[in-house]
Amino acid sequence: MPQLTPVTTARLGEHLPLLELLPDAQPVTWVRRGEGLVGWGVHASTTVRGPERFRQARQWWHQELEKLAITDSVHLSGTGPILFTSFSFSPDEESVLTIPKVVVGMRAGQSWITWIGDVPQPKLLDTADSPVPGNYSNYSWRNGTISVDDWQGQVGKAIEAIQSKAIDKVVLARDLNGATTNQIDPRSILRNLATEYPATWCFSIAGLIGP
């Protein structure tokens, strides 16, 4: 029988806010109003695609869990090993699944750390790392799949449909493409999003970042 990999969850005392604990520029996060989960390092990762991607993801996750020996002294939602996923809308696009090596969580004033491997409890940053600031003036921007004129036309049609009571509400979105030769540090973006949009979840996985 193959040896199981230990997973340990322990309570934490005081520490930096979750988004300031991230030690590198490849974070996984799910944070709102200072609560949630942040993680780093990769214990295991895979991709799925196609109409069966959800079933494939569930099967892979269960197979990975069978390889782990879990010790959890906290027993809250979000403790133990955590799977972060980014599922595509289109079945033809890849969906990413990642199990971080280290996860720190906070909920209702309680915080904990989970780490994978037969190693001592990881030390957390006691001073916030300084990510590369996002200087948006150095970006070049261009239209995505829709032009400004087409976007304004769609907004006008949505307003007319609401006024005629054909619909109650509509969610509009317009994509833009930005390019830069500068290094992009997602930790800076995440902190800005948490400040500007405190009521939404700030997420990050495999380069996908948003509120």
Distance-only check: which donor-acceptor pairs under 3.5 Å involve side-chain atoms of residues 194-205, not counting sequence neighbours?
| residue | atom | partner | partner atom | Å |
| --- | --- | --- | --- | --- |
| T195 | OG1 | R191 | O | 3.1 |
| T200 | OG1 | Y197 | O | 3.0 |
| S204 | OG | P27 | O | 3.1 |

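- A search for salt bridge (Lys or Arg N to Asp or Glu O under 4.0 Å) contacts involving E94 returns R49, not counting sequence neighbours.
- Qualifying salt bridge (Lys or Arg N to Asp or Glu O under 4.0 Å) partners for R174, counting only residues two or more places apart in sequence or in other chains: none.
- Take P6 and apply the side chain to side chain contact (heavy atoms under 4.5 Å, CB included) test, not counting sequence neighbours, and it matches D118.
- Distance CE/M106 to CG/L76: 12.0 Å, rounded to 0.5 Å.
- Note on I184: it does not cluster hydrophobically with L208, by side-chain heavy-atom contacts below 4.5 Å among ILVMFWY residues.
- Smallest separation of non-hydrogen atoms from G34 and L18: O-CD1, 3.6 Å.
- In the hydrophobic clustering of this structure, V102 does not group with V74; members are Ile, Leu, Val, Met, Phe, Trp, Tyr whose side-chain heavy atoms approach within less than 4.5 Å, directly or through other members.
- With rounding to the nearest 0.5 angstrom, the CD1 atom of I99 is 11.0 Å from the OG1 atom of T85.
- Of the inter-residue distances, the one linking L19 atom CG with I189 atom CD1 reads 12.5 Å to the nearest 0.5 angstrom.
- V38 is not connected to I82 by any chain of hydrophobic side-chain contacts under 4.5 Å among Ile, Leu, Val, Met, Phe, Trp and Tyr, and they are in different clusters.
- Side-chain contact between I209 and L193 is present, with heavy atoms from C-beta onward closer than 4.5 Å.
- Between A57 and L97 the shortest heavy-atom distance is CB-CD2, 3.4 Å.
- For residues 160-171, the set of pairs meeting the side chain to side chain donor-acceptor pair (under 3.5 Å) definition, not counting sequence neighbours, is empty.
- The salt bridge (Lys or Arg N to Asp or Glu O under 4.0 Å) test applied to K101 returns no partner, not counting sequence neighbours.
- Criterion: ILVMFWY side-chain heavy atoms under 4.5 Å apart, direct or through other members. Under it, L65 and V42 are not part of a common hydrophobic cluster.
- Judged as a side chain to side chain contact (heavy atoms under 4.5 Å, CB included), and not counting sequence neighbours, the contacts of A69 are L4.
- W151 has its side chain within reach of L172: a pair of non-hydrogen atoms, C-beta onward, lies under 4.5 Å apart.
- V7 and P81 make their closest contact through CG1-CD, 3.9 Å (heavy atoms, listed as atom of the first residue, atom of the second, distance).
- The side-chain heavy atoms of L22 and L190, taken from C-beta on, include a pair separated by under 4.5 Å.
- Residues satisfying the side chain to side chain contact (heavy atoms under 4.5 Å, CB included) criterion with D175, sequence neighbours excluded, are T145, I146.
- Heavy-atom minimum distance, P120 versus W115: O-NE1, 3.8 Å.
- With W112 contributing its side chain and G78 its backbone, the two residues share a donor-acceptor pair below 3.5 Å.
- Counting all heavy atoms, side chain and backbone alike, L37 lies closest to V31 at O-CG2, 3.5 Å.
- Pairing each heavy atom of P23 with each of L125, the nearest pair is CA-CD1, 4.0 Å.
- Among residue pairs with one or both ends in residues 75-103, those qualifying as ring pair (Phe, Tyr, Trp, His ring centres under 6.0 Å) are F54-F87; sequence neighbours excluded.
- Connection of L83 to L68 is established within a shared hydrophobic cluster, with ILVMFWY side chains joined at heavy-atom distances below 4.5 Å, either directly or through further cluster members.
- Checked by atom type and distance alone, the side chain of S95 pairs as donor or acceptor with a backbone atom of S88 at under 3.5 Å.
- Screening residues 6-20 for side chain to side chain donor-acceptor pair (under 3.5 Å), with sequence neighbours left out, gives T9-T114, R11-Q110, H15-S111.
- Residues in residues 25-44 take part in no side chain to side chain donor-acceptor pair (under 3.5 Å) pair, two or more places apart or across chains.
- Listed by first and then second residue, the side chain to side chain donor-acceptor pair (under 3.5 Å) pairs that reach into residues 56-66 are E64-K67, sequence neighbours excluded.
- Here the CG atom belonging to L124 is positioned 6.0 Å from the CG atom belonging to L12, to the nearest 0.5 angstrom.
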